[in-house]
Amino acid sequence: MSIKARIHVRLKPGVLDPQGKAIGNALHALGFRDVGEVRQGKLIEIELGESDPERAREAAERMCKELLANPVIENYAIELC
Amino acid sequence: MSIKARIHVRLKPGVLDPQGKAIGNALHALGFRDVGEVRQGKLIEIELGESDPERAREAAERMCKELLANPVIENYAIELC
Amino acid sequence: MKAGIVVFPGSNRERDLAAAFQRATGQKPIFLWHGDSEIPDLDLIALPGGFAYGDYLRCGAMAAHSPVMREIRVRAAAGVPILGVCNGFQVLTEAGILPGALLPNRSLAFHCHDVRLRVENSQTIFTCGYEAGGVIRVPVAHHDGNYTADAETLDRLEDKGLVAFRYCDEAGGLSEDANFNGSARSIAGIFNDSRNVLGLMPHPENATDPLLGGTDGCAFFEGLVGALQ
Amino acid sequence: MTGAATETLAAEHGLTKEEFARASAILDRAPNLVELGIFSAMWSEHCSYKSSKTWLKTLPTTGPRIICGPGENAGIVDIGDGEAVVFKIESHNHPSFIEPYQGAATGVGGILRDVFTMGARPVALLDSLRFGSPDHPKTRHLLSGVVAGIGGYGNCIGVPTVGGECGFDPAYNGNILVNAMCVGLARADRIFYSRASGPGNAVVYVGAKTGRDGIHGATMASAEFGGDAGEKRPTVQVGDPFTEKLLLEACLELMAGEAIVAIQDMGAAGLTSSSVEMAGKGGLGIELDLDRVPVREAGMTAYEIMLSESQERMLMILKPGGEDEARRVFEKWQLDFAVIGRVTDSGRLVLKKDGAVAAEIPIAPLVGEAPLYERPYEARAPAAEIDPSSLPERDPVACLSRLLGSPDLSSKRRIWEQYDHLVQGNTVQRPGGDAAVIRVAPSGKALALATDCTPRYCRADPKRGGMQAVAESWRNLSAVGALPLAITNCLNFGNPERPRIMGELVGAVAGMREACLALQYPVVSGNVSLYNETMGEAVLPTPVIGGVGLLADAARAIDLGLKREGDALILVGETKGHLGASIYLREIEDRRDGAPPPVDLAAEKRNGDFVRGQILAGRVAACHDLSDGGLLVALAEMAMAGMRGARLEAATGDLPAHAFWFGEDQARYLVETAEPESLLAAAHAAQVPARRIGTVEGAALTLFGRNAISVSALKATNEAWLAHYMAQG
Ligand SMILES: Nc1ncnc2c1ncn2[C@@H]1O[C@H](COP(=O)(O)OP(=O)(O)O)[C@@H](O)[C@H]1O
Ligand SMILES: [Mg+2]
C-alpha cells in the first residue's frame with residue numbers, strides 16, 4: 001500500500017516570522033500571558049503512490065529540495081507514515 | 001523547564017484545499033507522476049512557558065479553540081515536546 | 001526595441017506593463033506563454049505582477065519551475081535585460097536569479113497605495129532615467145513584499161551598488177513608517193551582479209499616465225528604452 | 001428511484017405543508033429525496049423570490065439604453081461605440097457571518113461569474129458592508145476576515161476593488177451584511193444569455209470539480225438563524241480565485257468564437273438552478289448523466305451532486321460540433337471539461353445516476369408554479385419631525401471632530417488599501433471620493449461607480465429611506481460629472497413572515513420606485529437577502545443601491561479635493577437644517593429618533609443636472625455631495641482630500657448653528673470654483689438655489705474668523721479610528 005509523507009517546512013532560525021509574531025501577540029491579548037516564542041510553518045501531507053520506504057523517502061527529499069521548501073529561508077523535515 | 005506545543009492545523013476532510021491541489025499539480029509537472037492527494041496545513045510551534053504537562057495541554061487546547069484553528073473548516077492536533 | 005512579457009496562469013498586470021512599454025516605445029510588446037520552452041530573440045523580457053499559479057505554497061514558487069523560466073535563466077546569464085515587477089520579482093528570487101526572498105508584509109495585510117522610493121543607483125539601464133538620490137512616487141500592490149536575505153548578502157548588495165530602490169519618506173529619508181512592509185534595509189528593488197536583471201515590488205507601470213494619478217514611472221520606461229536603443 | 005419523501009423530511013428542507021403538497025401534485029406522486037432537494041432549492045427564498053417578487057415587479061426596469069434588465073445573470077446597459085456595461089450586486093451575508101474570510105471571498109467569486117458568464121470582462125468590484133457595534137466581541141474578527149476575504153479573491157483574480165461602503169450598528173451584531181458588486185465590459189453585439197435552445201445540443205460542465213461544498217447553502221441563506229448558527233457551519237465553501245481566473249480567461253476565449261448557445265454560472269443551488277433555469281428559459285427539457293460530472297470525492301450521491309455549491313463552475317450548452325473547440329480551450333487552461341447531458345424537447349428534467357433514473361421533474365411547473373407570497377405587511381407610524389431649536393447649542397468644531405472620528409464617518413482607508421484598486425490600469429478616481437471612476441480604454445470614456453444606503457433612514461421611514469438611497473447614489477455619480485445610467489440593488493431585510501419587516505421591504509421598494517422613475521435611473525439587476533435576523537433581532541432595513549454612470553471623457557471627471565487658494569466655495573441646494581435621524585443627533589445627542597430628511601426628487605434632478613452641467617462646462621475645480629453629517633462634514637472631507645483649508649463666512653440665517661452645519665437636507669452639493677459669478681448666474685437661470693459660503697484658504701477650517709481647526713488635525717482624527725481598531729485585530 002502507498003506511503004504517505006508528512007513534511008514540516010519551518011522558517012530558518014533567525015528569519016523573522018511575522019505570522020508567528022502576530023499569533024504570539026494575539027495569544028497574549030487573549031490572556032495567555034506565559035506564552036513565549038511562536039513560530040508558524042507549513043504542514044504538507046502527500047500520498048506518494050510508492051510502497052518502498054527507500055524510494056519514498058528519496059522522492060520526498062527531492063520534492064522538498066525542488067519545490068516545497070525555499071532553502072534561502074526554510075528548513076524541512078520528512079516523516080513517512 | 002518550559003513545555004513546547006507542536007500544533008497541526010488541517011483542513012477538514014472534504015473541504016476544498018486549493019493550495020494542496022496546486023502543489024499536487026506542480027509535483028506532477030515536475031515529474032512526480034505517482035503523487036496522489038496533497039493537503040497543506042499549518043504547523044504552529046509555541047513555547048508555552050508552562051512546566052506542568054496537564055496545564056500545558058489544557059492551555060494548548062484552549063489556544064486552538066479560541067484562535068489557532070477555525071472550527072468551521074479546520075481540525076487540529078496537539079503534541080507536547 | 002523588442003520586448004516580451006511572460007504570462008503565467010494567474011498573472012494579472014501583464015496588460016498594465018504592456019501599456020507602459022507601448023507608451024515608451026510606440027510598439028506593442030509580445031506576450032510569452034509560461035509553457036513556451038523556446039522564445040524569440042528579445043531586447044528585454046519582463047515578468048509581470050499578479051498571482052502566478054495563485055501564489056499558492058509560496059509567491060512565485062511554482063512559476064519559477066515553469067518551462068519558460070529555463071530559457072529565461074539562460075538569457076539572464078547571457079546578459080539579456082530581465083525585469084521582474086512585484087510577482088515577477090518574487091518569481092526571480094524563487095528561481096534563484098536574484099538573491100533573497102520575499103516574506104509576508106509586516107502587517108500581514110495586502111497594501112495598495114502610493115509609496116516614495118529613493119533611487120539608489122542611476123548607473124544602470126533600468127534606472128538611467130533617474131538621478132541617484134532622487135525620490136519618486138509609484139504605487140505598490142502586494143501582500144508579500146517584505147524583502148529578506150542573510151546579512152552577508154545584504155552587505156554585498158549594498159557594497160556592490162546592487163540595491164536599486166529603497167522605501168523612503170517624501171524627503172528621501174529612511175524610517176520604520178516609510179518601510180511599510182518591513183523589508184530588510186528598506187529594500188524595494190535589487191539588481192543581479194551584472195545589473196542586467198532588476199526585481200522590484202512597486203509598480204512603475206501604474207505611474208505612467210497623468211490621468212491615473214502619477215507619471216513618475218515614465219522616466220523608468222523611457223530611460224530603459226533609451227538605453228536599449 | 002429512491003423512496004418517497006415525507007412531510008417531515010420536506011419540513012427539514014424548509015418546504016411548508018402546502019409547498020410539499022404542490023410539489024407532489026406537480027409530480028402527481030410524492031417526490032423522492034433528490035427531487036425534494038431540487039424543489040426545496042428552487043423554491044427557496046433565494047432562488048424563487050417568493051416573498052419579494054410581487055414588489056420587485058413594480059420597479060422600473062426599462063430605458064433607451066437598457067439592453068437587458070432583471071432576469072438574467074446581470075443587467076446590461078449600452079454605453080455607445082458598440083460597448084455595453086454589465087453589472088450586478090449580490091449578498092453573501094450568512095456565509096460571511098459563519099466564516100468571514102471564505103464567505104466574503106466566495107461572494108466575490110460568485111458575482112464575478114454572474115458578470116463574465118454574460119461575455120463581459122470584469123473591470124471593477126465594489127462592496128457594501130454592515131457590521132455590528134464595534135465593541136461587540138465578534139465585530140473586529142468579522143471585519144478583518146471579510147475585508148481580507150474580499151481582497152484575497154479580487155486581488156488575486158486581478159479585478160480592482162474601487163469602492164464601497166462600511167457602516168456599524170448594533171442591529172447587525174448577529175447578522176452582518178456583505179454585498180459585492182461586479183461591473184464588466186462587453187461588446188454590445190457579443191452578449192451571452194442563459195436560454196437553452198436546440199434539442200440534442202450538448203450540455204457541458206466546465207471549471208472546478210464538484211465536492212460536498214455548501215450542500216443546501218441556498219436554503220440556508222433563506223433560513224433565519226437560530227442560536228445554532230454554528231451547527232450550519234459545514235455548508236461553508238472555500239474559494240479558489242486562481243481557478244476562477246483560469247475559468248474567466250477560458251470562458252472569454254471560447255466566447256470569442258461561435259461554439260456557445262447558452263451559458264450560466266453555477267451559483268446558489270449549483271447544478272440544480274443552472275440546469276433548470278437554462279432549460280426553463282428555453283421552454284425545453286434537459287437530461288443529465290450525473291456519473292459524468294467531475295467529482296472531487298468518491299461516492300457522491302445524486303442528491304449531493306445536484307445541490308453542491310462548489311465554486312468556480314459553469315454550465316454551457318454548445319452548438320453541434322462546438323465540443324472540440326471548447327474542449328481544447330478548457331484543457332489549455334487546465335480546467336475540467338465534461339459533456340454531462342443533452343437538451344431535450346421533453347420539457348422534463350431527467351437525472352440519471354448509475355444507469356437508473358434518479359429524478360424526473362417537469363420543468364415548466366417547477367419554475368412557473370414556484371410559490372409566490374403576498375405576505376401581510378404593516379407600515380410603521382411615521383416618526384415625529386425634530387425641531388432643531390429644541391437641541392442645545394454646541395461648539396461646531398468640537399462636534400465636527402467627534403463626527404469625523406466616529407466609526408461610520410471615520411476614513412475607511414484601512415479597508416480599501418487592502419484591496420488592489422489599481423490593477424488593469426484604468427482607475428481614474430481611487431476609493432475615497434463620491435464615486436470611483438474607471439476609464440473605458442481605448443475610447444477614453446469612463447464609468448462612475450458607487451454603492452449607497454442609509455439604513456437609519458430606512459428604519460425610521462422605509463419609503464423615504466428607499467428613495468434617499470437611490471437619490472444619494474444618483475447624486476454621488478453626478479458629483480464626479482457622470483450621467484447616472486442605471487442601478488443594481490440588494491435588498492437586505494429581516495424575516496418577511498413578520499408584517500413589520502415585510503412593511504419595511506414594501507416601503508423601501510415603493511420609495512426606490514418613485515426615485516428611479518423621477519431620476520430616469522432604472523433597475524437592471526439585483527438580489528434579495530431576507531431572514532437577516534437572529535432570535536427575532538432583525539437588521540436595519542438595508543436596500544443597497546449600486547449605481548453606474550457614464551462620462552464621455554475620463555479627463556473631465558473631477559474629485560472632491562480642494563485645489564486652489566482663493567477659489568470660491570458654493571453651496572448648491574436648499575439648507576433647512578433637518579436633523580431627524582441624522583448622524584449628529586445620534587453621535588452628539590445620543591438620540592436615534594426623528595423622521596429622516598424628505599427627498600424632493602424634482603429638486604434632486606434639477607440640482608444634480610445643474611452641477612453636472614457646470615462640471616462638464618469646466619467651471620468646477622472640486623465637488624462633493626452632502627450626505628451624512630451635512631455641510632461641515634462635507635467641507636472637512638474636501639479639505640482633507642486636498643490638504644487645504646477654507647474660511648467660511650456663511651450666515652446661518654435663522655437656523656441654529658448645529659442645524660445649519662450638520663443638517664442632512666438632501667439634493668445638496670458643495671462646489672469649488674474659480675468663476676463664482678458665472679456659476680451663480682447659471683444657477684439663478686436654472687432656478688437652482690446656490691450661494692457662496694466661503695473661500696479656499698490656508699491650512700485650517702475657520703468659521704466666522706473663530707473656531708479654527710487645522711486640516712491635518714482633522715485628518716489625523718478621521719484616519720485614527722479604523723486604523724487603531726483594526727490594528728488590535
Ligand atoms: N432586488 C432586485 N431588483 C431587480 N432584480 C432583481 C432583484 N433581485 C433579484 N433580481 C433579479 O432576479 C434574477 C435572479 O437573481 P439571482 O438569483 O440573484 O441571480 P443569480 O442566480 O445569477 O445569482 C437576476 O436577474 C436578478 O437581477
Ligand atoms: Mg448567476
Side-chain angles (χ1 to χ4, degrees), chain A residues 1-13 17 19-52 55-69 74-79 81, chain B residues 1-11 13 17 19-52 55-70 74-79 81:
Chain A
M1 100 316 162
S2 149
I3 297 175
K4 204 164 145 195
R6 169 179 303 165
I7 294 162
H8 287 162
V9 178
R10 296 183 174 83
L11 285 169
K12 287 179 171 173
D17 173 10
Q19 266 125 333
K21 202 153 153 288
I23 294 173
N25 298 340
L27 288 173
H28 279 266
L30 284 173
F32 297 98
R33 299 253 167 280
D34 314 330
V35 164
E37 196 188 21
V38 179
R39 305 282 286 177
Q40 175 169 333
K42 297 192 185 100
L43 166 69
I44 301 171
E45 295 174 298
I46 306 180
E47 305 270 3
L48 293 172
E50 169 65 71
S51 49
D52 169 65
R55 287 206 302 279
R57 172 166 303 280
E58 184 267 344
E61 278 286 343
R62 282 199 355 262
M63 294 177 192
C64 290
K65 286 210 174 58
E66 290 179 34
L67 180 71
L68 302 180
E74 296 170 324
N75 296 325
Y76 62 86
I78 300 169
E79 263 172 59
C81 32
Chain B
M1 101 314 162
S2 146
I3 297 176
K4 202 165 149 196
R6 168 179 304 166
I7 295 162
H8 287 160
V9 179
R10 294 183 174 84
L11 284 168
D17 176 8
Q19 304 228 47
K21 190 176 114 206
I23 295 171
N25 295 342
L27 289 173
H28 278 264
L30 285 173
F32 297 98
R33 301 252 167 280
D34 312 330
V35 164
E37 197 186 22
V38 178
R39 305 281 286 176
Q40 175 170 333
K42 290 187 200 129
L43 165 69
I44 302 169
E45 295 174 299
I46 306 178
E47 304 271 4
L48 293 173
E50 168 66 69
S51 50
D52 170 64
R55 286 205 303 280
R57 171 165 303 278
E58 184 266 346
E61 277 286 344
R62 283 202 350 268
M63 295 176 189
C64 290
K65 287 214 174 59
E66 292 176 33
L67 181 75
L68 303 179
N70 173 352
E74 295 172 326
N75 294 328
Y76 61 87
I78 301 170
E79 264 172 60
C81 32

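In what follows, chains carry the letters A, B, and so on, assigned in the order in which the sequence lines appear, proteins first and then strands, with residues in each chain numbered from 1. Just so you know, these numbers come straight off a predicted model, no measurement behind them. All values below were derived from every heavy atom in this structure, side-chain atoms included, with hydrogens, water molecules and symmetry-related copies excluded.
From B:I23, atom CD1 reaches atom CD1 of A:I44 across 4.5 Å, with rounding to the nearest 0.5 Å. How far CG of A:D34 is from CD1 of B:I3: 12.0 Å, rounded to the nearest 0.5 Å. To the nearest 0.5 Å, the span separating CG on B:L43 from NZ on A:K42 amounts to 11.0 Å.
Neither the backbone nor the side chain of B:I7 comes within less than 4.5 Å of any heavy atom in chain A. Interface remark: B:I46 contributes backbone and side-chain atoms alike to the contact with chain A (heavy atom separation under 4.5 Å).
None of B:R10, B:Q40, B:E37 except one satisfies the side-chain contact (heavy atoms from CB on, under 4.5 Å) rule with A:E45; the exception is B:R10.
Residues A:L30 and B:L67 meet the side-chain proximity criterion, which asks for heavy atoms closer than 4.5 Å. In this structure, the side chains of A:E47 and B:R39 stay at 4.5 Å or more apart for every pair of heavy atoms.
Of the listed residues (A:G49, A:G41, A:G20, A:A5), the greatest number of heavy-atom pairs within a distance under 4.5 Å of chain B belongs to A:G41.
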- [ ] Before giving the answer on side chain to side chain contact (heavy atoms under 4.5 Å, CB included), spell out for A:V35 and B:E50 the whole-Å C-alpha distance, their side-chain angles and the decisive distance to 0.1 Å.
- [x] CA-CA 8 Å; A:V35 164; B:E50 168 66 69; over 6 Å; no
